[in-house]
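Have a look at the structure below before the remarks.
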Amino acid sequence: CPAGKLRPSMTVDQQLEILRRGTTEIISEPDLAEKLKSGKPLRAKLGVDPTVAHVTLGWAVVLRKLRDFQRLGHTAVLIIGDFTAQIGDPSGKSKTRPQLTREQVQENVKAVEKQLYKILDPDRTEIRYNGDWLGAMGFADVIRLAAKTTVAQIMERDDFTNRWNEHRPIALHEILYPLCQAYDSIAIEADIELGGTDQKFNNLMGRHLQPQFGQAGQCVMLCPLLVGTDGKEKMSQSLGNYVSIVDTPNDMYGKTMSIPDETIENWFELCTDVPTEEYRDLCAKARQGELNPRDVKRRLAKEIVTLYHSNDAAEEADRFFIETFSKREQPVEAVEAAIPADLVQDGTVAMANLIGALGLAKSNGNARDLMKAGAVSLDGEKLTDPFAKVLIEELKGRVLRVGKHQFRKLV
């Protein structure tokens, strides 16, 4: 579909059907239908604070919804929060988030920008940095903006209310965050803003403020938060339960195969383009015993690897998984990993530190827990001493296994 033109064969109802998939709430759908009826390309906004250096499948849920707008002929406006990342969005947090330095933010921006176009169409993506307008505001501008809402409105946020009731601190800069995000919508004249369910308050603040600046209030589209590989918590890099869209095909496939069976259908809906009727039929057959859940999960893993790598890579990852795990063979094509020189002391390496440094555990403490649980081995020999140190000469060329699906050939 050429830039600036909508798909002529798509009715409003057909567009809405596509846009509804993988969403929990649209505020409001009649408003969005009216905007779609105008026939003009809409400006669909998504704000991202570069507080981390990886785009996970959880983050990709809302990015893929933004891509749906692009495919329907609309413009994706991606707001890189180089300014607001230094504040820290308190959404869903029980305490004040640490503020990042500008240098930390810039490093994360560089890393994230390279990954975004694995999902988004660069020809239909407009990237803006909110430091361009928020950083230029003077104190008088901030006061005028703050005057357009009330403390009572701000305190409607559950996380603020809970912290207030429990006598836990709320910093003033956190209270300003929703106003900053709302002003982003004003600055780029957003027609609709996308976000996770934890962004509802911030998104609605933009819808509230835009009319006060002579603009039509944006619609709000909320996407569910993807449950991580542990099947319990929201996918998060800090929890180590995530899949990155730049993971190797084997790691991406293996991590997907590790998710609990009860999350398969949700991952199909939010992480793939498989038609709804098709994946629901597969999952129903698995529940009824007509299909092995593992085979349905293999289909899911292949779909995800194909999206971010290729069909050939997905087939190869599937072959690798079957040979490695189903046949209980030692992998011969494990990803190579160099042993960081700064971990070597007196010719030895503390294995927990090595596991943490290679990103195979979320922390050194977590690595020690995995070792005590018998989830770590070298060439098939378990390492159960959480404080084990191994001579570097004895490590090189050997395969380190952490958990069921993570292998590294040490070099």
Side-chain angles (χ1 to χ4, degrees), residues 52-54 56 104 107-108 110-111 114-115 228-230 237-258 301 305 308-309 312-411:
V52 291
H54 284 278
T56 67
Q104 289 174 312
E107 284 300 312
N108 289 337
K110 290 178 184 177
K114 296 176 182 178
Q115 301 170 47
T229 54
D230 57 2
Q237 291 183 57
S238 62
L239 295 176
N241 64 351
Y242 71 97
V243 179
S244 168
I245 68 169
V246 291
D247 275 344
T248 65
N250 286 348
D251 277 356
M252 186 176 286
Y253 188 104
K255 289 178 183 179
T256 302
M257 291 297 293
S258 74
V305 175
Y308 299 106
H309 292 282
D312 288 344
E315 293 295 338
E316 180 61 24
D318 183 59
R319 182 198 64 76
F320 174 83
F321 183 87
I322 294 301
E323 290 185 357
T324 302
F325 303 108
S326 297
K327 299 180 181 179
R328 302 294 187 228
E329 294 180 1
Q330 179 68 32
V332 295
E333 299 175 7
V335 176
E336 291 188 350
I339 301 170
D342 59 355
L343 295 184
V344 181
Q345 294 185 352
D346 298 326
T348 67
V349 177
M351 293 306 297
N353 294 350
L354 177 61
I355 293 167
L358 296 180
L360 302 177
K362 61 185 180 182
S363 66
N364 292 349
N366 177 234
R368 285 190 283 271
D369 290 340
L370 290 170
M371 294 174 74
K372 286 188 286 187
V376 176
S377 63
L378 270 175
D379 284 347
E381 180 182 347
K382 288 189 176 181
L383 296 175
T384 56
D385 179 1
F387 299 100
K389 294 183 179 180
V390 180
L391 289 169
I392 190 168
E393 289 82 2
E394 296 180 6
L395 285 175
K396 291 185 177 180
R398 301 179 72 181
V399 174
L400 172 66
R401 176 175 179 169
V402 180
K404 294 181 179 180
H405 309 303
Q406 298 187 98
F407 293 86
R408 294 293 185 274
K409 185 175 183 179
L410 302 174
V411 295

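Sequential numbering from 1 along the given sequence is applied to the chain's residues.
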Exercise for the section: If the plane angle is over 60° it's perpendicular, under 30° parallel, otherwise tilted; pick one for Phe320 and Phe407. Expected result: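 Because their plane-to-plane angle is over 60°, the rings of Phe320 and Phe407 count as perpendicular.
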Exercise for the section: Start with the C-alpha gap between Ile355 and Met371, add the side-chain angles, then the distance that decides, and say whether side-chain contact (heavy atoms from CB on, under 4.5 Å) holds. Expected result: CA-CA 10 Å; Ile355 293 167; Met371 294 174 74; 4.2 Å; yes
Problem - Side-chain (Arg368) to main-chain (Leu370) donor-acceptor, under 3.5 angstrom - result: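 No, because the side chain of Arg368 does not come within donor-acceptor range (under 3.5 Å) of the backbone of Leu370.
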Handout entry: Side-chain (Asn366) to main-chain (Lys362) donor-acceptor, under 3.5 angstrom
Key =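 Between the backbone of Lys362 and the side chain of Asn366 there is a qualifying donor-acceptor contact (under 3.5 Å).
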To the nearest 0.5 Å, how far apart are [atom1] in [X] and [atom2] in [Y]?
X      : Y      : atom1 : atom2 : result
Ile245 : Met252 : CD1   : CE    : 7.0 Å
Leu395 : Ile339 : CG    : CD1   : 4.5 Å
Thr248 : Tyr308 : OG1   : OH    : 15.0 Å
Thr56  : Asp247 : OG1   : CG    : 10.0 Å
Arg408 : Glu336 : CZ    : CD    : 11.5 Å
Leu343 : Lys389 : CG    : NZ    : 11.5 Å

Looking at every heavy atom in both [X] and [Y], which two are closest together, and how far apart are they?
X      : Y      : value
Arg398 : Glu394 : CD-O, 2.6 Å
Ala352 : Pro386 : CB-O, 3.8 Å
Arg401 : Gly403 : NE-O, 3.2 Å
Gly356 : Asn364 : CA-OD1, 3.7 Å
Ala313 : Pro249 : CB-CG, 4.0 Å
Lys409 : Gly397 : CE-O, 3.9 Å

Compare all side-chain heavy atoms of [X] with those of [Y] and state whether any distance is below 4.5 angstrom.
X      : Y      : answer
Val349 : Val390 : no
Leu378 : Leu410 : yes
Glu315 : Asp312 : no
Asp230 : Ser258 : no
Val305 : Thr256 : no

Practice task
For the pair Met351 and Leu400, evaluate side-chain contact (heavy atoms from CB on, under 4.5 Å) and give the outcome as yes or no after the intermediate values.
Solution key: CA-CA 10 Å; Met351 293 306 297; Leu400 172 66; 4.0 Å; yes
Handout entry: Six-ring centre of Tyr242, Lys255 cation under 6.0 angstrom, axis tolerance 45°
Key =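 Relative to the ring axis of Tyr242, which defines the angle, Lys255 lies inside both limits.
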